[in-house]
Amino acid sequence: MVTAAISPSVATVSTKDSRLSAQVPRVVSVDVLRGLVMVIMALDHVRDFMSYPGFPPEDMAHTNGPLFFTRFVTHYCAPVFAFLAGTGAFLATNRGKSLPQLSRFFLTRGLWLVILELTIIDFAWGFVPWVHAGVIWGLGWSMVAMALIVRLPVRWIAALGLGMIATHNLLDRINPASLGKLSWLWIFLHTPGRIPVNAHFHFSVRYVLIPWVAVMATGFAFGSLLLRPDRRKWILTLGISATILFFVLRGLNSYGNGIAGLSFGYPRSAGPWRVQPTLPLTVVSFFNTLKYPPSLDYLLMTLGPSLILLGLFDKTTAKRGLSRMLVVFGRVPLFYYVLHLYLIHILAILVALAFHQPMLHGSVIADFATKPAGYGHGLPLIYAMWILAVAILYLPCLWFMEFRSRHRDWTWLSYL
């Protein structure tokens, strides 16, 4: 039996099935933040499709400030995606979902996302049959795990999520090869890599289960704070504390950022930061934290400032202007995600034709060899095409958001 009282103007309701029960208004700031990171995400994917520097932006031997910053700002997308997926699920219990219903939704939604990743989404990257375990794969399997985790008390879920975020880097030194035939399992759980299927095909896994489940579980527990009348104080306190902790741990250069080395066939120099020949490169080295798997430093660096933004966005109504645009994107995340990949890929083809460049063939993220010599554009064009893509996406997303609001009784729409 749970009793929830949100404010004097909201009636107290008791129920045996729902973790929360009193009806509260939708938290618009969550939609605004989600929409913001989705807009930023499109920048990263435009860069994936339309640039060809020949090296990853994180490669300290070749990168530069503008290129690294273009990649750095998009680091916030995946952690906020996973965190707010958990938060949104918690808030759904306040809108009438019982725990068994929420568990079932997590399970079915997660499996559905895995299917989408291996079919419609992976095809969008290359317009050829190809499979890759990307961000939607990671979110999907995290939701499957959450189908069990949500049955725990919220305090336990918070302890589990925060504990996994803080300690999972202790597992970094476990080499999948040391597990023999079970190496694929460790690649799935913690250490990104390629799982050989046959002599000609490897299944690439970037988004591993343990740290991303931790982020989603923490986000789920965080949802309880959004029901407090003093939630803004709590959100800002947590965000500022996580950000300060990032600077402390990163400055100490000891624990929290994984192990530098090879990842997906090209060098990643993320590891302890070092003083570089120039101040900009030293700053790049400091903020060059490991995403695959997401290290403690990486998650503090991204989730801390994101929570600060969420606190600053609190109380916004998003009735007009940029915030209204962000709410539209934030309320149809999966629709936006699938649509933006196909749109950006088509724009890349049109731009290549306009500049008389060779065409891409196969996945643009499998490895750099898939991009032919003479292909690619500089950052000014990348930013221009990013703005164009986001502008084109607005009206379809607005239509779908309004369509969903008119058909709330069509439960299957929740899977889109």
Side-chain angles (χ1 to χ4, degrees), residues 26-51 57 66-85 87-88 121 124-125 134-136 138-139 207 215 219 239 291 298 301-314 316-348 351 364-365 377 379-402 404 416:
R26 187 181 182 101
V27 184
V28 178
S29 56
V30 170
D31 294 323
V32 173
L33 180 59
R34 186 187 293 114
L36 176 61
V37 298
M38 293 177 69
V39 168
I40 295 173
M41 174 189 64
L43 172 61
D44 196 38
H45 294 157
V46 171
R47 181 190 59 80
D48 276 331
F49 275 102
M50 298 188 192
S51 70
L67 178 61
F68 179 82
F69 175 78
T70 302
R71 172 59 171 158
F72 170 79
V73 295
T74 65
H75 277 325
Y76 291 84
C77 302
V80 173
F81 251 26
F83 188 86
L84 292 185
T87 302
I121 292 173
W125 285 105
V135 62
I136 302 301
L139 290 175
Y207 288 83
V215 173
K291 180 180 180 179
Y298 173 86
M301 178 186 75
T302 52
L303 290 177
S306 297
L307 288 175
I308 294 174
L309 275 180
L310 184 63
L312 295 177
F313 290 156
D314 194 37
T316 183
T317 58
K319 296 294 185 181
R320 61 181 66 87
L322 179 61
S323 60
R324 172 61 177 172
M325 182 178 181
L326 296 178
V327 164
V328 170
F329 293 142
R331 290 186 178 174
V332 291
L334 185 57
F335 181 81
Y336 173 98
Y337 187 87
V338 174
L339 197 62
H340 99 286
L341 286 179
Y342 281 88
L343 172 63
I344 293 172
H345 197 162
I346 292 172
L347 288 176
V351 169
V364 301
I365 60 172
H377 309 275
L379 289 181
L381 183 70
I382 299 302
Y383 277 85
M385 297 308 296
W386 166 53
I387 295 172
L388 175 62
V390 172
I392 293 173
L393 287 166
Y394 179 72
L395 288 180
C397 290
L398 176 63
W399 167 83
F400 187 65
M401 183 190 75
E402 294 176 343
R404 284 184 58 182
L416 301 180

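Residue numbers start at 1 and run along the sequence shown. All values below come from the heavy atoms of this structure, side chains included, with hydrogens, waters and symmetry mates left out.
Applying the salt bridge (Lys or Arg N to Asp or Glu O under 4.0 Å) test to residues at least two apart or on different chains, none of the pairs has a partner in residues 385-402. Counting only residues at least two apart or in different chains, salt bridge (Lys or Arg N to Asp or Glu O under 4.0 Å) contacts with residues 384-399 are absent. Within the structure, the salt bridge (Lys or Arg N to Asp or Glu O under 4.0 Å) test picks out no pair touching residues 379-400 (sequence neighbours left out).
Of all non-hydrogen atoms in F83 and L307, the two that sit nearest each other are CE2-CD2, 3.9 Å. Heavy-atom minimum distance, L343 versus A389: CD2-O, 3.5 Å. Closest approach of T302 and P79 over heavy atoms only: OG1-CG, 3.4 Å. Nearest heavy atom pair, residue C77 against residue V37, reads SG-O, 3.1 Å. Between G219 and T87, the shortest heavy-atom contact is O-OG1, 2.8 Å.
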Notebook entry, point to check: Between F329 and V390, is a side chain to side chain contact (heavy atoms under 4.5 Å, CB included) present by the stated rule, with each step listed?
Noted result: CA-CA 10 Å; F329 293 142; V390 172; 3.7 Å; yes
Next item on the list: Let me see the working for W125 and H45 under side chain to side chain contact (heavy atoms under 4.5 Å, CB included), right down to the final yes or no.
Entry: CA-CA 10 Å; W125 285 105; H45 294 157; 3.5 Å; yes
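Contact annotation: the side chain of Y76 approaches that of P305 to within less than 4.5 Å [non-hydrogen atoms, C-beta and beyond].
Legend: residues meeting side chain to side chain donor-acceptor pair (under 3.5 Å) with H377, ordered by chain and number and at least two apart, are Q357. With sequence neighbours excluded, the residues that form a side chain to side chain donor-acceptor pair (under 3.5 Å) with Y383 are T70. Every side chain to side chain contact (heavy atoms under 4.5 Å, CB included) that A78 has, sequence neighbours left out, goes to V135, Y207, W212, K291. Residues satisfying the salt bridge (charged side-chain N to carboxylate O under 4.0 Å, His left out) criterion with D44, sequence neighbours excluded, are R47, R71. Among residues two or more places apart in sequence or in another chain, the side chain to side chain contact (heavy atoms under 4.5 Å, CB included) test is passed with V73 by I40, L43, F69. For F400, the ring pair (Phe, Tyr, Trp, His ring centres under 6.0 Å) partners two or more places apart in sequence, or in a different chain, are F335. In terms of the ring pair (Phe, Tyr, Trp, His ring centres under 6.0 Å) criterion, F81 has no residue partners (sequence neighbours excluded).
In this structure, L339 CG and L334 CG are separated by 11.0 Å, a value rounded to the nearest 0.5 Å. Here the CZ-CG distance, from F313 to L326, works out to 7.0 Å after rounding to the nearest 0.5 Å. Considering OG of S51 and CG of L381, their distance stands at 10.5 Å, rounded to 0.5 Å. The CG atom of D48 lies 9.0 Å from the CD1 atom of I344; values are rounded to the nearest 0.5 Å. Atom OH of Y337 sits about 13.0 Å away from atom CG of L393, to the nearest 0.5 Å.
Using cut-offs of 30° and 60° for the angle between ring planes, the H75 and F72 rings count as perpendicular.
Centroid-to-centroid, the aromatic rings of W386 and H340 stay 6.0 Å apart or farther.
A donor-acceptor pair under 3.5 Å is absent between the side-chain atoms of T74 and the main chain of M41, judged by distance alone.
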Extract all donor-acceptor atom pairs below 3.5 Å that involve side chains of residues 27-36 and protein atoms in other chains or at least two apart in sequence.
residue: D31; atom: OD1; partner: R26; partner atom: NH2; Å: 3.2
residue: D31; atom: OD1; partner: R34; partner atom: NH1; Å: 3.1
residue: D31; atom: OD2; partner: R26; partner atom: NE; Å: 2.7
residue: D31; atom: OD2; partner: R331; partner atom: NE; Å: 2.8
residue: D31; atom: OD2; partner: R331; partner atom: NH2; Å: 3.4
residue: R34; atom: NH1; partner: G330; partner atom: O; Å: 3.0

